[in-house]
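To start, the structure itself, in structure tokens.
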Amino acid sequence: MERTEHHASFGGRQEVWTHASSTLACDMKLGVYLPPAALAGERCPVLYWLSGLTCTEQNFITKAGAQQHAARLGLILVAPDTSPRGAGVADDPAYDLGQGAGFYLNATQAPWAAHFRMEDYVVNELPALVNKHFIATEKIAIFGHSMGGHGALTLALRHPGRYASVSAFAPIAAPSQVPWGQKALAAYLGADPAAWARHDAVALIAGAAERLPLLVDQGDADEFLPQLRPDLLRAACEKAGHPLTLRMRAGYDHSYYFIASFMEEHLEHHARALMR
């Protein structure tokens with residue numbers, strides 16, 4: 001682990017770290033916000049943020065306005081990059097596949113399988129790394145935006161008992177039913193629809209082993225609504241009796257202006273579960 005940035009922020013410290021990932025077989029960057037309590041030596045719970053298509057660790061730490069709320073609530077925030085990167089890592093000219101578009105799953109198809117194992121990275125390697133290098137409790141939660149909202153929902157549903165809470169901003173709720181998801185799932189997992197369903201929040205709801213409440217915010221002026229399908233998530237949760245709070249926010253789009261507007265509410269949602 002090598003620290004490449006550090007900035008005082010709301011009494012805490014925003015840092016950026018680089019490390020060699022054994023899971024992804026490349027160097028990875030992650031943003032880590034340490035609240036004042038952590039700097040004073042107190043163990044704090046960790047909230048993981050998963051970003052969307054084309055993003056790096058920088059988007060969240062510079063645009064979401066989360067540090068001020070994490071400082072007050074005593075939360076460590078960890079924001080990894082969205083995919084493996086580097087000259088030896090497979091890529092695609094389009095923005096919605098390859099580097100910057102890991103979709104938080106473990107690829108099984110060539111040429112992606114060698115590096116694109118974001119599920120194992122987020123669920124296993126990253127928490128072990130954070131617990132080794134920072135003063136953190138064992139309790140963790142997860143949230144994200146767009147592709148990262150998809151990742152937060154599917155990882156929480158696929159790993160019952162792992163996360164104390166989950167939430168999402170404008171998630172790709174049914175990737176197997178929309179072009180963004182169909183393109184990525186076919187490339188990373190092959191042509192089998194059953195493999196796609198295992199990484200689709202709407203498909204996972206019916207068989208969920210844990211009824212972890214889902215908190216989702218979605219702007220009704222989001223230009224990508226046809227790719228996101230919150231209506232399908234609502235229908236699946238109603239059918240399965242899965243707890244869902246879906247808030248359609250009038251006038252909001254897909255940007256970080258939207259995310260920053262409701263960041264405090266999401267951090268408070270996670271703090272209640274993590275401090276319980």
Side-chain angles (χ1 to χ4, degrees), residues 47-55 59-60 63-64 66 79-80 82-83 95-96 100-105 118-119 122-123 141-159 162-163 165-185 188 196-206 208 210-238 240 242-249 252-263 265-267 269-270:
L47 178 55
Y48 289 87
W49 168 266
L50 305 182
S51 291
L53 287 168
T54 76
C55 292
N59 297 75
F60 176 76
K63 296 180 179 180
T82 50
S83 79
Y95 73 94
D96 54 355
F103 271 81
Y104 304 102
L105 50 76
M118 287 298 291
E119 178 171 10
V122 171
V123 174
I142 193 166
F143 69 149
H145 169 235
S146 194
M147 178 186 70
H150 141 78
L153 295 178
T154 58
L155 295 184
L157 290 165
R158 284 172 55 78
H159 299 274
R162 186 79 176 94
Y163 299 100
S165 53
V166 60
S167 72
F169 293 87
I172 307 172
S176 65
Q177 301 188 52
V178 300
W180 274 350
Q182 290 167 344
K183 178 179 180 179
L185 295 173
Y188 295 143
W196 299 8
R198 291 192 287 270
H199 298 276
D200 182 309
V202 166
L204 289 167
I205 287 292
E210 178 186 30
R211 296 304 186 192
L212 191 65
L214 311 182
L215 171 63
V216 176
D217 272 304
Q218 172 65 63
D220 70 1
D222 191 323
E223 64 272 36
F224 299 117
L225 265 175
Q227 299 265 22
L228 306 175
R229 300 306 303 270
D231 56 311
L232 295 179
L233 181 63
R234 187 194 299 276
C237 287
E238 288 177 351
H242 196 108
L244 167 69
T245 301
L246 173 59
R247 304 184 293 203
M248 298 298 296
R249 300 293 193 173
Y252 284 89
D253 58 20
H254 202 69
S255 71
Y256 267 83
Y257 296 109
F258 157 60
I259 294 168
S261 297
F262 305 106
M263 181 56 61
E265 295 177 35
H266 280 248
L267 264 63
H269 163 78
H270 291 291

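Residues meeting the side-chain contact (heavy atoms from CB on, under 4.5 Å) test with T245, sequence neighbours left out: L215, R247. Every ring-ring contact (aromatic ring centres under 6.0 Å, His included) that F103 has, sequence neighbours left out, goes to H150. Residues forming a ring-ring contact (aromatic ring centres under 6.0 Å, His included) with H254 (at least two apart in sequence, or on another chain): H145, F224. With sequence neighbours excluded, the residues forming a side chain to side chain donor-acceptor pair (under 3.5 Å) with S167 are H266, H270, listed by chain and number. For S255, the side chain to side chain donor-acceptor pair (under 3.5 Å) partners at least two apart in sequence or on another chain are D253. Applying the side-chain contact (heavy atoms from CB on, under 4.5 Å) criterion to P213, with sequence neighbours excluded, gives P243. Contacts of Y188 classified as ring-ring contact (aromatic ring centres under 6.0 Å, His included), with partners at least two apart in sequence or in another chain: W112, F116. Applying the side chain to side chain donor-acceptor pair (under 3.5 Å) test to D220 and every residue at least two apart in sequence or in another chain returns nothing. Residues forming a side-chain contact (heavy atoms from CB on, under 4.5 Å) with L244 (at least two apart in sequence, or on another chain): L214, V216, L233, R234, C237, L246. By the ring-ring contact (aromatic ring centres under 6.0 Å, His included) test, Y257 pairs with no residue at all, sequence neighbours left out. In this structure R229 satisfies the side-chain contact (heavy atoms from CB on, under 4.5 Å) test together with V178, D231, L232, sequence neighbours excluded.
Checked by atom type and distance alone, the side chain of E119 never pairs as donor or acceptor with a backbone atom of Y104 at under 3.5 Å. T54 contributes no side-chain N or O that, together with a main-chain N or O of Y95, makes up a donor-acceptor pair within less than 3.5 Å.
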Would you please test L155 and L50 for side-chain contact (heavy atoms from CB on, under 4.5 Å) and show each step? CA-CA 11 Å; L155 295 184; L50 305 182; 4.1 Å; yes

What's the verdict on side-chain contact (heavy atoms from CB on, under 4.5 Å) for L157 and H242, showing C-alpha distance, side-chain angles and the deciding distance? CA-CA 11 Å; L157 290 165; H242 196 108; 4.0 Å; yes

Give the C-alpha distance, both sets of side-chain angles, the deciding distance and a yes or no for side-chain contact (heavy atoms from CB on, under 4.5 Å) between L105 and T154. CA-CA 9 Å; L105 50 76; T154 58; over 6 Å; no

Test side-chain contact (heavy atoms from CB on, under 4.5 Å) on L53 and S146 and set out the steps. CA-CA 7 Å; L53 287 168; S146 194; 5.5 Å; no

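Note on ring orientation: taking the six-membered ring where Trp is involved, the planes of F60 and F143 are perpendicular (angle over 60°, cut-offs 30° and 60°).
Annotation: cation-pi geometry not satisfied between R249 and F258 (NZ/CZ under 6.0 angstrom from ring centroid, within 45° of ring axis).
Side-chain contact between S165 and L47 is absent, with no heavy-atom pair separated by less than 4.5 Å.
For residues 169-183, the salt bridge (Lys or Arg N to Asp or Glu O under 4.0 Å) pairs, not counting sequence neighbours, are D96-K183.
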